[in-house]
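Encoded as structure tokens, the structure appears first; notes follow it.
Note that the structure is a prediction, hence the values are computed from the model and not measured. Counting starts at 1 for both ligands and their atoms, in listed order.
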Amino acid sequence: MNNIECLIFDVDGTLADTERDGHRVAFNAAFADEGLDWIWDEALYGKLLAVTGGKERMRFYLDRFNTQWQRPADEALEALIRHLHARKTEYYTQLLGDGLIGLRPGVERLIHEVRAAGISIAIATTTTPDNVHALLENTLGLGSSDWFAAIGAGDVVPAKKPAADIYRWVLDELSLQPEQCLAFEDSENGRRSAIGAGLMTLITTNAYTLDHDFSGSVVVLDQLGEPDAPCAIQEGVGPKQGWVDLQYLQQLHTSR
Ligand code: XBP
Ligand code: MG
């Protein structure tokens, strides 16, 4: 049995609860700037999360939820979506810079513990690299992006989650086999991507993903938990003590 060499984290919904009060708000601000009456309320945004990637999500919105909007020709639409996405990224990173979004319970504790034990950490996400950088630097501290042995983000692979490509890309960068790693995800698309790459996958749910299908994942928890705020176990064998630590992860990994 291999030791755990690396923990690979999804970002949105896993490291931090970024969607409702972060990405969604930033999209709406970018739309308003362009005089577009596209308003993504919380419920609609939950449906739009079926598609990963902000540019892809805007197209999905137009195809499924705003078909009456008069689209420009293909090239102009592509340019508009790129422009909106760039503005949205500015709004989103600003919001992170203002410290409005923190890490989920247990994330920082676990990252410090595994780093101290000499285990690598990495990122596999569909969000834009600037967003990952802004989240890490504004929560874990300046220079913390460098703690990650690989950051797979955004358009580095053309096929976003649920395709397994981003996890395969990260494994390739790390020169590791899936059996040497554990993935952390929050959503069905993320679960499909990680498991598709052969990774043992631990889920922490959030309000948008509670009813997702997490079949094949090793355990489903509401959060990683802290000594003073234990996690709730939704499926599988959770940590008896109430929080995920390295010893618990090693037990999971050995049981594979
Ligand atoms: C979640 C996503 C992202 C963000 C928006 O990614 O689907 O697209 O919602 O970010 P993950 P961008 O959970 O894999 O981190 O607008 O930069 O795409
Ligand atoms: Mg996610």
Heteroatom proximity flag, Val51 to ligand 1, N/O under 3.5 Å | no
Without hydrogens or angle criteria, can the side chains of Arg87 and Tyr92 be said to hold a donor-acceptor pair below 3.5 Å?
-> no
In Asp12, the N, O or S atom nearest to the Mg ion (ligand 2) is which?
-> O
N or O contact, Asp186 vs ligand 1, cut-off under 3.5 Å | no
N/O donor-acceptor pair under 3.5 Å between Asp172 side chain and Arg168 backbone | no
Interfacing atoms of ligand 1 (cut-off 4.0 Å, heavy-atom, Lys161) = 14 (O)
Contact partition for Asn131 relative to ligand 1, non-hydrogen atoms under 4.0 Å = side chain
Would you check if there is a donor-acceptor pair between the side chains of Thr209 and Glu188 at a distance under 3.5 Å?
-> no
Looking at Val11, which atoms of ligand 1 are within less than 4.0 Å of one of its heavy atoms?
-> 15 (O)
When rounded to the nearest 0.5 angstrom, what is the spacing between CG in Leu96 and CD in Gln94?
-> 9.5 Å
What residue and heavy atom of the protein are closest to atom 7 (O) of ligand 1, and at what distance?
-> Arg57 NH2, 2.7 Å
Using a distance-only test with no angle check, is there a side-chain donor-acceptor pair under 3.5 angstrom linking Thr205 and Gln234?
-> yes
So, Asp33 and Tyr91: side-chain donor and acceptor under 3.5 Å apart, yes or no?
-> yes
Tyr45 heavy atoms within 4.0 Å reach ligand 1 at atoms 9 (O)
Quick one: which ligand 1 atoms are inside 4.0 Å of a heavy atom on His85?
-> 12 (P), 16 (O), 17 (O), 18 (O)
Do Tyr167 and Glu185 have side-chain atoms, one donor and one acceptor, less than 3.5 Å apart?
-> yes
Considering only N, O or S atoms, which atom of Asp10 is nearest to the Mg ion (ligand 2)?
-> OD2
Less than 3.5 Å between some nitrogen or oxygen of Glu19 and one of ligand 1, yes or no?
-> yes
Which residue and heavy atom of the protein sit nearest atom 13 (O) of ligand 1, plus the separation = Asp10 OD1, 2.8 Å
Centroid separation Phe65 to Phe60 less than 6.0 Å | yes
Determine yes or no for a side-chain-to-main-chain donor-acceptor pair under 3.5 angstrom, with Lys161 supplying the side chain and Ala124 the backbone.
-> yes
Determine whether the side chain, the backbone, both or neither of Phe9 has a heavy atom under 4.0 Å from any heavy atom of ligand 1.
-> neither
Will you find, in the side chains of Glu179 and His253, an N or O donor that is under 3.5 Å from an N or O acceptor?
-> no
Residue, atom name and distance, where the atom is the protein heavy atom closest to atom 10 (O) of ligand 1 | Thr127 OG1, 2.6 Å
Which of the atoms of ligand 1 are close to Thr128, meaning less than 4.0 Å from one of its heavy atoms?
-> 12 (P), 17 (O)
So, Ser187 versus Asn189: side-chain donor-acceptor pair below 3.5 Å or not?
-> no
Part of Thr126 within contact of ligand 1 (heavy atoms, under 4.0 Å) = both
Can you name the N, O or S atom of Asp186 that is closest to the Mg ion (ligand 2)?
-> OD1
Short list, please: which atoms of ligand 1 are under 4.0 Å from a heavy atom of Thr125?
-> 6 (O), 11 (P), 14 (O), 15 (O)
Which residue and non-hydrogen atom of the protein lie closest to atom 8 (O) of ligand 1, and at what distance in Å?
-> Gly53 N, 2.8 Å
Which residue and heavy atom of the protein sit nearest atom 18 (O) of ligand 1, plus the separation | Gly54 N, 2.6 Å
Closest heavy-atom approach to atom 16 (O) of ligand 1 among Lys88, His23, Glu185 is made by Lys88
Asp130-Thr93 side chain donor-acceptor pair, cut-off 3.5 Å | no
Sidechain N-carboxylate O distance under 4.0 Å for Asp155, Lys160 | yes
